[in-house]
Asks: 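Could you have a look at this structure, given as structure tokens, before my questions?
In what follows, every chain begins at residue 1, and chains take the letters A, B, ... in the order their sequences are listed.
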Amino acid sequence: DAGVTQSPTHLIKTRGQQVTLRCSPKSGHDTVSWYQQALGQGPQFIFQYYEEEERQRGNFPDRFSGHQFPNYSSELNVNALLLGDSALYLCASSLVGPGEAFFGQGTRLTVV
Amino acid sequence: GESVGLHLPTLSVQEGDNSIINCAYSNSASDYFIWYKQESGKGPQFIIDIRSNMDKRQGQRVTVLLNKTVKHLSLQIAATQPGDSAVYFCAETAGANSKLTFGKGITLSVRP
């Protein structure tokens, strides 16, 4: 059983560009959350998707958007990239209701 | 506001000794707490969790203690091994499927 998979693993973008990151949740999971982890910091919640809708959102600007597909996979889109968007982007999946969230290995985004 | 913090940025222990990692949280509404381990280049890995109606939970070589009176969480690792070297995060959440709020993390270094 594959866990949470994210693609790509590494990405380099230029300031002002747009980027799309992808996540496939653990089999059987229906909820996907995205986190941004700056170097040396703990992950910061971006948003969560359930039933193809954004259910919760953290303190991130509208440049950060997402989508969840019928198969529960998800995308994170960031527009007008800033140097400060450089970070490890983590996807976590869970099953609705109380329980642990499983994280993917992350996508390392570098904005130059 | 919500915050999860760790008292020490690094912890160095001798192989075979017990490790104790502490965490303070400030959101009294949090009802679920998790410890994650993150190795270099990987996403956070679930270690152990505890709900607010408990004050202690044991796993294999790990124990989590929760003191709601002083809003304190700790992770105890018995017979620490080199493979335990990683960054450890405590995280809290309020309500099922709510966002996880992470602290900054503490690095555990195991001396041979």
Asks: Determine, for A:Arg63 against A:Asp85, whether the closest basic-nitrogen to carboxylate-oxygen distance falls under 4.0 angstrom.
Replies: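 Yes, this pair counts.
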
Asks: Around atom CZ of A:Phe45, are there more than 12 heavy atoms from other residues, nucleotides or ligands closer than 6.0 Å?
Replies: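 Yes - once you tally the heavy atoms of other residues, nucleotides and ligands closer than 6.0 Å, there are more than 12.
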
Asks: So which part of B:Ile34 gets closer than 4.5 Å to some heavy atom of chain A, the side chain, the backbone, both or neither?
Replies: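 Answer is neither: B:Ile34 stays 4.5 Å or more from chain A.
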
Asks: Can any side-chain N or O of A:Ser24 pair as donor or acceptor with the backbone N or O of A:Ser73 at less than 3.5 Å?
Replies: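 The answer is no, because no donor-acceptor pair under 3.5 Å joins these two groups.
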
Asks: By a 4.5 Å heavy-atom criterion (distance strictly below it), what part of A:Gln37 contacts chain B: side chain, backbone, both, or neither?
Replies: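 For A:Gln37, side-chain heavy atoms alone lie under 4.5 Å from chain B.
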
Asks: Specify which of A:Tyr50, A:Tyr35, A:Phe102, A:Phe47 makes the most heavy-atom pairs with chain B at under 4.5 Å.
Replies: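 Highest number of pairs under 4.5 Å: A:Tyr35.
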
Asks: Is it the side chain or the backbone of A:Ser33 that comes within 4.5 Å of chain B heavy atoms, both, or neither?
Replies: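 No part of A:Ser33 comes within 4.5 Å of chain B.
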
Asks: What part of B:Gln38 lies closer than 4.5 angstrom to a heavy atom of chain A: side chain, backbone, both or neither?
Replies: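 It is the side chain, since no backbone atom gets that close.
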
Asks: Using heavy-atom distances under 4.5 Å, tell me whether A:Gln48 contacts chain B through its side chain, its backbone, both, or neither.
Replies: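 Interface part for A:Gln48: side chain.
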
Asks: Would B:Ser12 and B:Arg111 count as having a side-chain donor-acceptor pair, cut-off 3.5 Å?
Replies: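 Short answer, yes.
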
Asks: What I'd like to find out is whether the side chain of A:Asn77 reaches to under 4.5 Å of the side chain of A:Gln18, using heavy atoms alone.
Replies: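 Counting from C-beta outward, A:Asn77 and A:Gln18 do come under 4.5 Å.
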
